[in-house]
Protein chains: 2
Amino acid sequence: MNIGEVAERSGLPPKTIRYYEDIGLIRPQRSENGYRAFRETDLHKLAFLGRARTLGFSIDDCRTLLSLYEDEARESAQVKAIAEEHLTAIDEKIAQLRAMRGTLSNLVDACRGDHRPDCPILSDLSKKPA
Amino acid sequence: MNIGEVAERSGLPPKTIRYYEDIGLIRPQRSENGYRAFRETDLHKLAFLGRARTLGFSIDDCRTLLSLYEDEARESAQVKAIAEEHLTAIDEKIAQLRAMRGTLSNLVDACRGDHRPDCPILSDLSKKPA
DNA sequence: GATAGGGCTTCCAGTGGCTGGAAGCTCAAG
DNA sequence: CTTGAGCTTCCAGCCACTGGAAGCCCTATC
């Protein structure tokens with residue numbers, strides 16, 4: 001398979017696939033003409049990576065997950081630990097965003113949004129921290 | 001004021017303050033010795049920026065907000081529009097994270113996390129997209 | 001007056017995870 | 001034989017900093 005087909009079937013752009021090779025996540029073979037020659041296993045790995053990325057795992061986590069996936073002697077506890085840590089990080093991000101959202105939403109509600117200059121949003125931003 | 005004091009009083013690291021000067025958000029004067037010489041207005045601006053950043057506004061938004069703040073002929077509608085757009089973006093991010101969280105949390109719950117290799121998390125990552 | 005230290009300066013490079021674009025080779029179709 | 005799509009590499013840029021090196025400035029102490 002050439003990169004175009006793999007891109008289509010994995011859902012990842014060619015650029016990303018090349019990048020993943022660059023950083024050593026996959027090692028496709030090469031045809032005589034210099035083109036990357038992907039096997040089914042490469043495609044499978046890329047799909048794995050794509051899915052892990054949509055779940056928000058870092059590239060580093062992906063690397064580890066992929067190696068665990070290929071390691072038949074893995075312990076599911078290793079996988080679970082990574083996932084739990086990631087879950088915690090997600091929760092923290094959500095909490096942070098909700099805090100932002102809360103403040104911002106109050107400010108937006110308080111702002112008339114008309115042609116006059118006075119604006120609670122700017123007032124808040126410019127007020128001294130207590 | 002030197003940068004150290006401004007850093008402490010604004011809560012921003014010196015590196016960040018220099019960076020903000022670099023990209024033209026502030027224009028502190030200079031002392032004869034070459035040190036940056038900050039006035040109260042600079043400090044005020046930096047505090048404004050710091051607060052806007054913690055609310056998640058992009059640097060570009062911050063630049064606009066700052067110029068609106070200094071523009072006495074502004075209309076609060078301009079400010080509100082920026083804030084509302086940002087609010088929408090935050091909502092999208094939260095939705096995305098919650099989707100991740102939902103899937104991931106199911107997978108984590110389903111994984112025994114023991115010494116055995118079989119793991120629903122890896123199974124899910126490796127399964128073909130429907 | 002020498003020295004030690006902390007604070008300040010600039011500049012370069014790296015972070016994460018791609019993405020855009022240029023220059024050039026290969027391949028299939030007409 | 002030409003055209004165009006697809007592939008190759010490499011370099012640069014995104015965002016918002018951050019780390020580190022090399023070197024100047026200022027104050028305090030001996």
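Because the structure is predicted, anything quoted here is derived from the model rather than measured. Lettering follows sequence order; numbering is per chain, from 1.
- The nearest whole Å value for the distance from the CZ atom in A:Arg63 to the P atom in C:dC18 is 12 Å.
- Going from atom CG of A:Leu25 over to atom C1' of C:dC18 covers 13 Å, rounded to whole Å.
- Nearest approach of A:Val108 to B:Lys80, heavy atoms of both residues: O-CE, 3.4 Å.
- Across all strands, A:Pro13 comes closer than 4.0 Å only to sugar-phosphate atoms, never to a base (heavy-atom distances).
- For the residue pair A:Ser76 / B:Asp118, no side-chain donor-acceptor distance below 3.5 Å is found, with atom types taken as modelled.
- Ion pair B:Glu21/B:Arg30 flagged as a salt bridge, since at least one NZ, NE, NH1 or NH2 atom sits closer than 4.0 Å to an Asp/Glu carboxylate oxygen.
- Between B:Ala7 and B:Pro14, the shortest heavy-atom contact is CB-CD, 3.8 Å.
- Salt-bridge formation is detected for the pair A:Arg39/A:Asp42: a Lys NZ or Arg NE/NH1/NH2 atom is positioned less than 4.0 Å from an Asp or Glu carboxylate oxygen.
- In this structure, B:Arg36 reaches the C:dT10 phosphate: one of its side-chain N or O atoms is under 4.0 Å from OP1 or OP2.
- Without hydrogens or angle criteria, B:Arg74 side chain to B:Val79 main chain gives no donor-acceptor distance under 3.5 Å.
- Residue B:Arg30 has a polar side-chain atom (N or O) positioned under 4.0 Å from OP1 or OP2 of C:dT10.
- Rounded to an integer number of Å, the gap from CD1 of A:Ile23 to C1' of C:dG17 is 8 Å.
- Using a 4.0 Å cut-off between charged side-chain N and carboxylate O, A:Glu40 and A:Arg9 make a salt bridge.
- The shortest distance between the side-chain N/O atoms of B:Tyr20 and the OP1/OP2 oxygens of D:dC17 is below 4.0 Å.
- Separation of atoms CD1 (B:Ile121) and CD (A:Gln78) is listed at 11.5 Å; rounding is to 0.5 Å.
- A straight line from CZ of A:Phe38 to P of D:dG6 spans 16 Å, rounded to a whole angstrom.
- Heavy-atom minimum distance, B:Leu87 versus A:Arg101: CD1-CG, 3.8 Å.
- The CG atom of B:Asp22 sits 9 Å away from the P atom of C:dC11 (whole-angstrom rounding).
- When rounded to the nearest whole Å, the span between CG of A:Asp60 and C1' of C:dG17 equals 12 Å.
- Regarding A:Ile3, its CD1 atom lies at a distance of 5 Å from the P atom of D:dT8, rounded to whole Å.
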Polar pairs (N or O, both sides) under 3.5 Å between protein and nucleotides 22-30 of chain C?
residue: C:dC27; atom: OP1; partner: A:Asn33; partner atom: ND2; Å: 3.0

Give me the distances for all protein-to-nucleotides 13-15 of chain D N/O pairs that come in under 3.5 Å?
none

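- Look at CD on B:Glu8: it is 13 Å from C1' on C:dG7, rounded to the nearest Å.
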